[in-house]
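So you know, we letter chains A, B, ... as the sequences are listed, proteins then strands, and number each from 1.
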Protein chains: 2
Amino acid sequence: MMKVLIVEDDPLHRSYLNEAVRAALPECDTVIEAENGGVGEKLARENKSAHIVMDLQMSPRNGIEAARTIWKERPDTRILFWSNYADEAYVRGISRIVPEGAAYGYVLKSASDDRLRLALRSIFIESQCVIDREVRGLQQKSLGHANGFTDSEYEILVDIALGLTDRAIARRRNLSLRSVQNRLQQLYEKLEVYQPVGEDSEEGRFNLRARAVTVAFLRKLLNYSSLERAEAELSEWLQAR
Amino acid sequence: MMKVLIVEDDPLHRSYLNEAVRAALPECDTVIEAENGGVGEKLARENKSAHIVMDLQMSPRNGIEAARTIWKERPDTRILFWSNYADEAYVRGISRIVPEGAAYGYVLKSASDDRLRLALRSIFIESQCVIDREVRGLQQKSLGHANGFTDSEYEILVDIALGLTDRAIARRRNLSLRSVQNRLQQLYEKLEVYQPVGEDSEEGRFNLRARAVTVAFLRKLLNYSSLERAEAELSEWLQAR
DNA sequence: AGATTTTGTGCGGGTTCCCGCAAGTTGCGT
DNA sequence: ACGCAACTTGCGGGAACCCGCACAAAATCT
């Protein structure tokens with residue numbers, strides 16, 4: 001009747017998920033397991049109607065990459081992301097690839113069994129999106145830009161994190177040099193990095209560009225997997241020139 | 001007879017460890033559990049003779065921070081680190097704090113039950129160090145500096161990752177400005193970052209300083225927790241001035 | 001449509017960074 | 001002790017970055 005595909009690298013978590021799925025969805029007769037994104041993509045292709053619950057942070061090929069190719073092939077696939085962390089980097093990565101009107105979910109591993117059960121049923125049966133509170137909070141902030149970052153600011157953040165020069169960024173994004181520097185100013189302001197002008201002796205000065213990247217990391221605006229993705233996109237762009 | 005303290009934030013992994021410990025060490029009569037580094041420190045203090053197996057990557061207070069304070073109080077405590085990753089950043093972090101002649105271990109979560117059992121017995125009964133192969137490899141490279149980084153290179157890597165200027169680094173490490181820049185040159189060379197001198201048109205130029213940090217991240221020379229620690233040390237130093 | 005807020009560009013100058021050249025210092029082996 | 005390697009420091013210049021001031025273009029509001 002219903003097939004569910006589990007993509008999760010940790011064996012303990014995988015078997016826990018398996019049990020949870022069977023308990024929450026009696027109408028589900030088959031549960032398939034994959035231990036990383038690559039295998040996950042393959043199994044998703046082979047079992048056309050599979051609904052998916054998967055981890056982010058696997059290797060090789062993490063959950064976001066896998067989701068992107070899966071959704072590209074079948075945009076109506078329902079995916080529940082089940083992750084340890086609610087980094088803004090993940091949230092942005094996902095909301096960038098979720099297809100129009102697709103049903104998906106994001107629940108944290110720290111959630112109760114009940115929350116997980118509810119999410120499974122809502123998404124797979126009711127086609128409703130279920131986003132964990134904490135994750136929800138981040139989404140609001142990003143969009144409402146009360147204290148959040150616009151896409152263009154985020155874009156430039158990624159570019160300096162990759163180590164590009166202003167000039168290179170300008171070429172890549174089709175902007176003038178000055179515009180790039182302008183955006184950098186905005187970014188520095190929002191990240192609250194600046195020279196702590198120790199007026200008398202030269203005080204603990206920061207290299208704003210490098211400092212911004214660090215602060216973004218500490219605030220989980222960036223994380224390893226977002227860097228990895230960005231790096232891949234960059235080298236792709238470098239090929240095409 | 002013997003007490004073992006488990007410090008691990010994931011409930012599934014925690015109960016798995018609990019079972020593994022009981023199975024591997026019949027001479028152990030009490031197993032205590034803590035769900036983060038802070039609680040771990042407290043329980044270690046209260047149960048003086050406890051042997052410890054713990055995760056890195058917890059919050060608040062990760063395994064390295066917890067180990068440092070525990071070893072500071074009782075340097076003969078035996079600790080087995082049980083982690084998902086073998087980042088060089090972790091390996092360096094640990095080997096910096098392990099006391100003279102202390103017995104400790106580092107096994108990956110992906111290791112077999114048998115490996116874990118063996119490690120538990122070797123460390124807690126025989127007082128022998130047990131380091132997983134992959135982790136071992138990193139240690140060699142760091143020290144033998146065949147392709148590894150000396151401490152001073154690593155130090156300056158951390159400093160630019162924090163976003164300090166050359167001048168600030170010079171003050172912090174008591175060096176001249178030029179020396180700092182010299183070390184940066186070495187670092188760039190070892191990380192293989194350089195200007196891809198596109199002789200005709202200005203080619204994909206990099207800001208070496210920022211690029212070096214990114215490359216270090218992708219190579220797992222740095223990770224979130226190492227940045228976190230470095231940031232704490234920095235603000236401490238800024239206080240003392 | 002007109003006003004108001006964004007967002008993109010140009011110019012200019014003060015800093016910081018990247019790095020070649022060269023000389024002094026320290027450490028280590030044989 | 002001598003020599004060779006590795007590390008530190010100074011000087012100098014060209015490039016890149018940080019950023020204030022000023023003005024066009026585009027998007028948004030009323």
Side-chain angles (χ1 to χ4, degrees), chain A residues 143-146 148-157 159-199 201-215, chain B residues 144-146 148-157 159-215:
Chain A
L143 299 177
H145 95 299
F149 295 76
T150 65
D151 284 338
S152 64
E153 282 156 0
Y154 189 75
E155 205 171 52
I156 209 165
L157 170 60
D159 284 339
I160 61 170
L162 284 173
L164 296 171
T165 61
D166 292 2
R167 171 124 67 269
I169 298 174
R171 269 209 305 284
R172 187 173 184 202
R173 305 297 185 191
N174 285 318
L175 290 173
S176 78
L177 218 173
R178 189 60 180 90
S179 295
V180 171
Q181 296 179 329
N182 245 334
R183 289 191 175 182
L184 281 174
Q185 298 310 310
Q186 302 170 221
L187 187 66
Y188 297 153
E189 197 167 341
K190 287 217 181 160
L191 287 171
E192 296 171 83
V193 295
Y194 38 36
Q195 306 293 13
V197 268
E199 57 310 272
S201 78
E202 318 266 3
E203 201 38 38
R205 275 183 150 9
F206 284 123
N207 174 329
L208 297 190
R209 162 176 295 247
R211 184 63 184 165
V213 175
T214 311
V215 171
Chain B
H145 96 300
F149 295 77
T150 64
D151 284 339
S152 64
E153 282 156 359
Y154 189 74
E155 204 170 53
I156 207 165
L157 170 60
D159 283 340
I160 61 170
L162 285 173
L164 295 173
T165 61
D166 293 359
R167 172 129 61 257
I169 299 174
R171 269 209 306 282
R172 185 174 185 200
R173 305 297 184 190
N174 286 319
L175 291 172
S176 78
L177 218 172
R178 189 62 179 91
S179 294
V180 171
Q181 297 179 328
N182 247 333
R183 291 191 174 181
L184 281 176
Q185 300 308 311
Q186 301 171 220
L187 186 66
Y188 297 152
E189 198 169 340
K190 288 216 180 160
L191 286 172
E192 295 171 84
V193 296
Y194 39 23
Q195 305 293 14
V197 267
E199 56 311 270
D200 50 357
S201 77
E202 319 265 4
E203 202 37 38
R205 276 182 151 8
F206 283 125
N207 174 328
L208 298 189
R209 163 176 294 245
R211 184 65 184 162
V213 175
T214 311
V215 170

Taking everything shown except A:Glu189 itself, do over 12 heavy atoms lie less than 6.0 Å from its CD? no
Under 4.0 Å from OP1 or OP2 of D:dA16: is there any side-chain N or O of A:Arg209 that close? no
Test item: B:Asp166 and B:Leu184 side chains (from C-beta on) under 4.5 Å apart, heavy atoms: yes
A:Gln185 atom CD, neighbour heavy-atom count above 12 within 6.0 Å: yes
B:Asp159 atom CG is separated from C:dT16 atom C1', nearest whole Å, by 17 Å
Touch class at under 4.0 angstrom, heavy-atom based, for A:Ser179 against every strand present: base
Starting the side chain at C-beta, find the nucleotide from C:dT9, D:dC17, C:dC17 nearest to B:Thr165. C:dC17
Regarding A:Leu177, tell me which of base, sugar-phosphate or nothing describes its non-hydrogen contacts under 4.0 Å with the strands shown. nothing
What is the distance, to the nearest angstrom, from the CZ atom on A:Arg167 to the P atom on D:dC18? 14 Å
Rounded to whole Å, please give me the gap between CD1 in B:Ile169 and C1' in D:dT8. 16 Å
When you check the phosphate oxygens OP1 and OP2 of C:dT7, does a side-chain N or O of A:Arg183 lie under 4.0 Å from one of them? no
Is there a side-chain contact between A:Tyr188 and A:Arg209 in this structure, where contact means two heavy atoms from C-beta onward sitting under 4.5 Å apart? yes
On a heavy-atom basis, the closest approach of A:Phe206 and A:Tyr194 is CD1-O, 4.4 Å
Whole-Å distance, B:Arg205 CZ to D:dA15 P, equals 9 Å
Specify the separation, in whole Å, of atom CZ of A:Arg211 and atom P of C:dC17. 15 Å
Quick one: does A:Ile169's side chain get under 4.5 Å of A:Ile160's, heavy atoms only? yes
Measure from CD on B:Gln186 to P on C:dC18 and round the result to the nearest Å. 14 Å
A:Leu184 CG to D:dG20 C1', straight-line distance once rounded to whole Å: 16 Å
Can you measure B:Phe206 atom CZ to D:dC17 atom P for me and round it to whole angstrom units? 13 Å
Within the 4.0 Å limit for protein heavy atoms, which parts of nucleotides 19-27 of chain C are touched? Write it as a string from 5' to 3', B for base, S for sugar-phosphate only, - for none. BBB------
Among B:Asp159, B:Ile156, B:Val180, find the one that has a side-chain contact (heavy atoms from CB on, under 4.5 Å) with B:Arg173. B:Asp159
